[in-house]
Amino acid sequence: MQETPFCLRVEHLLPYSMSDSNTTAFKNPSTFILLGIPGLEAAHVWISIPFCTMYIIAILGNFTILFIIKTEPSLRGPVYYFLSMLAVTDLVLTTSTLPKSLSIFWFNSREIDFSACFTQMYFIYCFLEMESGILVAMALDRYVAICDPLRYSAILTNPVVAKIGLAVLLRGCAVVLPIPILARRWPYCRSNIIPQPYCMHIAMLNLACADTRISSYYGLFVLFCVMGLDVILIAVSYTQILRAIFRLPTKDARLKTFGTCSSHLFVILAFYIPGLLSSLMYRFGQNVPGHFHVLIANVYHLMPPALNPIIYGVRTKEIRDRLLQLFTHEGA
């Protein structure tokens, strides 16, 4: 069964004991076989069209955001530095999964090396954690800008922003590292077939013939103490932001102030809501076909990287104006 985007779901984190207790010998496979989307093999070429389209949008959109921020001197500040971090994270996240998925859809290239599988798993979860951390940093940026605007420049200085970015990077790398390390140590004697288009932790759990309780409990820690903490921090920040907005004297002032954080809110919703819906579907949608679960989870990994540059390109006036200048200049 497919794993949800938030690294590991609660119901899949229950202890898994080795049922083949009589197994005395095993041999780890040199490669794993990725099935793509089981049950929809005949439609892989058609499924690849929206996947490839979203991948192209994600690549072009995020590179465009980075180019505009780098070349426009006026776009210097914490919010744009965090946006650059988000764009880089989205680029790595999509590139970790989509090229291999498309090779399965187009060329039936299903094999992946044993070590490459765990490397891919690490990059997927690492950059999901990093994206969540960046969203927290952007919530902090909006909180200071709205609740304490006079001290904004003094609080979020360039060194502080750099330290926040480094902390997000190190947290993502360190917190996720035990997941592939533990998974790599398991014996795989059941099968080498993964019913996904890329390597996911729950798929490896199902293939391992060993006691995986340590990894399961660690997954619970990541879910509740890392991702859960991020959601709480974002909620607290926006509670304070909304309180500050409602205290403003006029409706126009409230709308204008709210508009400065609307892009970030849309990005938060695009990242967390699909993951929540997918988790609920897996928990209560027992009658939903398995390939639909896999398809939805794969779309989730693509949607935020494709939507983020569009949201910021449309909702952020400075980026929108600079983008229009580029097109009108080229058109002239």
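For clarity, every value in this text was computed on a predicted model and none was experimentally measured.
Under the 4.5 Å side-chain criterion, counting only non-hydrogen atoms from C-beta, Q240 is not in contact with I146. When side chains are defined from C-beta on, N308 does not count as touching I65, because their heavy atoms never get closer than 4.5 Å. Between H44 and I37 the shortest side-chain heavy-atom distance falls below 4.5 Å. Two residues are said to be in side-chain contact when any heavy atoms from C-beta on lie closer than 4.5 Å; I164 and F82 meet this criterion. Residues S109 and K100 have side chains in contact (heavy-atom distance under 4.5 Å, counting atoms from C-beta outward). Between L140 and V136, the closest side-chain pair of non-hydrogen atoms is not below 4.5 Å. Side-chain atoms of L177 and Y122, non-hydrogen and from C-beta on, do get closer than 4.5 Å to each other. Side-chain contact check for V236 versus I232: some heavy-atom pair is nearer than 4.5 Å.
With hydrogens and angles ignored, the 3.5 Å screen pairs a side-chain donor or acceptor of T260 with a backbone N or O of T257. Checking side-chain atoms of Y55 against main-chain N and O of T95 turns up no donor-acceptor pair under 3.5 Å. Formation of a donor-acceptor pair under 3.5 Å by the R110 side chain with backbone atoms of F32 is not found in this model. Remark: side-chain polar atoms of H201 are not paired, donor with acceptor, to backbone N or O of M121 under 3.5 angstrom. Between the R142 side chain and the S237 main chain, no donor and acceptor come within less than 3.5 Å of each other. Judged by distance alone, with hydrogens and angles left aside, the side-chain atoms of D90 form no donor-acceptor pair with the main-chain N or O of A58 at under 3.5 Å.
Inspection of the N298 and Y198 side chains reveals an N or O donor paired with an N or O acceptor under 3.5 Å.
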Subject >> Candidate pair D230 and L135, rule side chain to side chain contact (heavy atoms under 4.5 Å, CB included), full reasoning >> reply: CA-CA 8 Å; D230 288 350; L135 293 179; over 6 Å; no
**OP:** Decide side chain to side chain contact (heavy atoms under 4.5 Å, CB included) for W186 and L207; before the verdict, give the C-alpha distance in whole Å, the side-chain angles of both, and the deciding distance to 0.1 Å.
**Re:** CA-CA 9 Å; W186 299 333; L207 295 181; over 6 Å; no
Original post:
Could you go step by step and tell me if M138 and C261 meet the side chain to side chain contact (heavy atoms under 4.5 Å, CB included) rule?
Top reply: CA-CA 9 Å; M138 297 176 82; C261 58; over 6 Å; no
Original post:
Passes side chain to side chain contact (heavy atoms under 4.5 Å, CB included), V79 versus L83? Steps please.
Top reply: CA-CA 6 Å; V79 63; L83 181 54; 5.7 Å; no
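Residues A253 and L248 share a closest heavy-atom pair of O-CD1, 3.6 Å. Across all non-hydrogen atoms, the minimal contact from I234 to A139 is CG1-CB, 4.2 Å. Across every non-hydrogen atom of Q120 and T97, the tightest pair is NE2-CA, 4.2 Å. Of all non-hydrogen atoms in C147 and A244, the two that sit nearest each other are SG-CB, 3.9 Å. Annotation for T239 and A235: closest pair OG1-O, 2.7 Å, computed over non-hydrogen atoms. S132 approaches R171 most closely through the heavy-atom pair C-NH2, 4.3 Å.
Applying the salt bridge (Lys or Arg N to Asp or Glu O under 4.0 Å) rule to R151 yields the partners D148; only residues at least two apart in sequence or on another chain are considered. Applying the side chain to side chain donor-acceptor pair (under 3.5 Å) test to S262 and every residue at least two apart in sequence or in another chain returns R315. Partners of D113 according to the salt bridge (Lys or Arg N to Asp or Glu O under 4.0 Å) rule, which considers only residues two or more places apart in sequence or in another chain, do not exist here.
Here the two rings, on F118 and F114, have centers that are under 6.0 Å apart.
V160 and V168 fall within a single hydrophobic cluster, where Ile, Leu, Val, Met, Phe, Trp and Tyr are joined by side-chain heavy atoms under 4.5 Å apart, directly or via other members. Cluster annotation: L265 is not connected to L255 through the hydrophobic network of ILVMFWY side chains, with a link wherever side-chain heavy atoms come within less than 4.5 Å. Hydrophobic clustering (ILVMFWY, side-chain heavy atoms < 4.5 Å, transitive): L182 and Y125 are in distinct clusters. When the side chains of ILVMFWY residues are joined at heavy-atom separations under 4.5 Å, either directly or via intervening members, M130 and L229 end up in a single hydrophobic cluster. Under the 4.5 Å side-chain heavy-atom criterion for Ile, Leu, Val, Met, Phe, Trp and Tyr, Y238 and I155 are members of the same hydrophobic cluster.
For the atom pair OH (Y272) and CG (L269), the distance works out to 11.0 Å, reported to the nearest 0.5 Å. Atoms CZ and OH, on R320 and Y312 in that order, are 14.0 Å from each other to the nearest 0.5 Å. The distance from the CG atom of L323 to the CD1 atom of I68 is 4.5 Å, given to the nearest 0.5 Å. In this structure, L169 CG and T89 OG1 are separated by 8.5 Å, a value rounded to the nearest 0.5 Å. Note: M54 CE to H301 NE2 = 12.0 Å, rounded to the nearest 0.5 Å. Between the CG atom in L102 and the CD1 atom in I49 there is a gap of 11.0 Å [rounded to 0.5 Å].
Cysteine sulfur proximity is satisfied for C199 and C117, their SG distance being under 2.5 angstrom.
Heavy atoms from other residues, nucleotides or ligands lying under 6.0 Å from CZ of F258 number 12 at most. More than 12 non-hydrogen atoms from other residues, nucleotides or ligands lie less than 6.0 angstrom from CD1 of I181. Annotation: R243, atom CZ; neighbour count of heavy atoms from other residues, nucleotides and ligands within 6.0 Å does not exceed 12. Other residues, nucleotides and ligands place more than 12 heavy atoms under 6.0 Å from the CZ atom of R76. When the shell of 6.0 Å around OH of Y143 is examined, it contains 12 or fewer heavy atoms from other residues, nucleotides or ligands. At most 12 non-hydrogen atoms from other residues, nucleotides or ligands lie less than 6.0 angstrom from CZ of F123.
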